[in-house]
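Right, one structure below, let's go through it.
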Number of protein chains: 2
Amino acid sequence: MADEIASVVDTRGRILDAAERLFAQHGLEATSMRMLSAAAGCNLASTNYHFGGKEGLIREVFRRRLTWLNRERLRVLDEMEAAATGRPLKPHLILEAFFGVALRMAADSEGGGATFMRLLGRTYAEPSQFIRNFLAEEYAAVLERFKRALFRALPAVPEAEIVWRLHFMLGAMSYAIAGTDALKLIAHCELDEANPAAALAPRLMSFLLGGLRAPLPAGCTAQRAKPDAKVRRSRRAA
Amino acid sequence: MADEIASVVDTRGRILDAAERLFAQHGLEATSMRMLSAAAGCNLASTNYHFGGKEGLIREVFRRRLTWLNRERLRVLDEMEAAATGRPLKPHLILEAFFGVALRMAADSEGGGATFMRLLGRTYAEPSQFIRNFLAEEYAAVLERFKRALFRALPAVPEAEIVWRLHFMLGAMSYAIAGTDALKLIAHCELDEANPAAALAPRLMSFLLGGLRAPLPAGCTAQRAKPDAKVRRSRRAA
DNA sequence: GTATGATTCAAACGATCGTTTGATCCGGGT
DNA sequence: ACCCGGATCAAACGATCGTTTGAATCATAC
């Protein structure tokens, strides 16, 4: 990870680091190429020379971290499936592989992973077409793998329902990572934690797992309805 | 609601409608005042005349819908608390008051409510400072009310934990509403539903409730640990 | 030392941004 | 009939955007 990221010596790396930081701070459109280049300590034309334009720069800022992130997700999932020797994985392990890797990256404040994850969370809501297409093709393969793993892990839940809930979980994580300051707005009382990013991971994990295994909505075409009803009744007591 | 919204006759209303639509489609910064005015069928200077600038226009686009939305949330909550006659409300009712109102607005595709909620969901991730301050003061009172209601409804859960989970729920909803097309990216198989916004509500609701009532993360300072352990054990069967 | 390709630079290009100006149009009150 | 304030208009302002140009600089191989 570290060998491809961040180098103080070469211009290209300094530009990427500055872009990542400023994109996360002000947004993609609000960050100008001049602002970028000044922060990287190089000329405006150099930025265009290395990346061929703003769009190329944006693509590269995401690519250098996303490829590692998604490869790591698949590696952890592969490892887990190998250890399970054919049996379906427990849902919490699948979530750990997908979201745990991302949350560990978000907790890495020195290496810039925290900055990037904040940027990534904000970019999920980006209306720009080329960003959507780019993120879609970066995520397509890994999402397909995790969808299949969840289908196997939750045979009682209709597949469409799992897709919906995967969507909800992605939203909760993106928003939680992107809006560390947004949480302060709704908190008013200071969360006493020293490192908010480290406190986030276990809390988000149990929230996501609870949402994933929630009783199905009424009128949903469940393949096995009885067990869900039992769970719903027992939860009423909590 | 309808009396303050949308009027085809006066310029001011046409500008607000056009701005709402284009902001949701291209984002706040990517939508220019000229684009706006052309879509509203009026002159560029008229837009500045009515709203005093782009910032004033943005503020008004959000204000006219947000004040109604939050007033309605409080009205429903008041109604529920009156019916409960002093007893703490069930959590699912509180979520219904907060998220149900928003989801009904998001399902109103004719009145423009769907457009606005898509815009609102995307704006939660907006890095701009003045937007954050504006949304914070619009939401401060209503969030405080719902936080207190949840504290009463879940006395066994530490208050800090509830704040975290409220944060997660807001993220899941924002993302779910803002990214109806983002869901298509991860789905690949077409969700057969005719109206995706109507299909969203019950699914999101049960997901949020499941997350809210999930077992607390390990090492969390629970005030009453025993009932949580029991719930965790019974859920393992699902 | 010198030629060569990669890199950085100051400067300018055309386009578009948000905002402002001053004239013009329109309806209701005296 | 006159006036006046609100509303709309075409036109321009200065600033900033992304991108391009052509010369200067650097490292490297011959």
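Here is how names work: the chains are called A, B, and so on, in the same order as the sequence lines, proteins then strands, and each is numbered from 1. When reading the values below, keep in mind they use all heavy atoms of this one structure, side chains included, and skip hydrogens, waters and symmetry mates.
Of the inter-residue distances, the one linking A:E159 atom CD with A:I162 atom CD1 reads 6.5 Å to the nearest 0.5 angstrom.
At a cut-off of 3.5 Å, with distance as the only test, no side-chain donor of A:E137 or A:N133 sits close to an acceptor on the other residue. Using a 3.5 Å distance cut-off with no hydrogens or angles, the side chains of A:T11 and A:S46 do not pair a donor with an acceptor.
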Check step by step if salt bridge (charged side-chain N to carboxylate O under 4.0 Å, His left out) holds for A:R203 and B:E161.
CA-CA 8 Å; A:R203 293 184 160 85; B:E161 215 65 26; 3.0 Å; yes
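Protein atom CZ of B:R14 is 13 Å distant from nucleotide atom P of D:dA7, rounded to whole Å. When the C1' atom of D:dT16 is taken as reference, atom CD of A:E29 falls 14 Å away, rounded to whole Å. A straight line from CG of B:L36 to P of C:dT19 spans 11 Å, rounded to a whole angstrom. Atom CZ in A:R12 sits about 11 Å away from atom P in C:dT8, given to the nearest Å. Rounded to an integer number of Å, the gap from A:K54 NZ to D:dT20 C1' is 17 Å. One interatomic measurement links the two molecules: CG of A:L44 to C1' of C:dT8, which rounds to 12 Å at whole-angstrom precision. Distance CG (A:D10) to C1' (D:dC26): 15 Å, rounded to an integer number of Å. Counting to the nearest Å, the P atom of C:dA11 and the CG atom of A:N48 are 18 Å from each other.
Mapping B:G52 and A:G41 onto DNA chain C by nearest heavy atom places A:G41 closer to the 5' end of the strand. Toward the 5' end of DNA chain C, the nearer of the two residues A:S46 and B:T31, judged by each one's closest nucleotide, is A:S46.
The phosphate of C:dT16 has neither OP1 nor OP2 within less than 4.0 Å of any side-chain N or O from B:S32. The phosphate of C:dT8 has OP1 or OP2 within less than 4.0 Å of a side-chain N or O from A:H50. Contact check, B:N43 against D:dA7: no side-chain N or O comes under 4.0 Å of OP1 or OP2.
When distances are taken from the side chain of B:Y49 to each of D:dG18, C:dA10, D:dA7, the shortest belongs to D:dA7. For B:R34, the side-chain atoms get nearest to C:dG18 when compared with the rest of C:dG18, D:dT19, D:dA10. With distances taken from any side-chain atom of A:T11 to the nucleotides D:dT19, C:dT8, C:dT19, the minimum falls on C:dT8. Taking the side chain of A:M33 as heavy atoms from C-beta on, and the options D:dT8, D:dG18, C:dC9, the nearest nucleotide is D:dG18. Closest contact between the side chain of B:A45 and the listed nucleotides C:dT7, C:dT21, D:dT19 involves C:dT21.
Note on B:T47: nothing from the nucleic acid sits closer than 4.0 angstrom, heavy atoms only. Across all strands, B:S37 comes closer than 4.0 Å to no nucleic acid atom at all (heavy-atom distances).
Judged by a 6.0 Å distance limit and a 45° cone about the ring axis, B:R165 is not positioned over the six-membered ring of A:F207.
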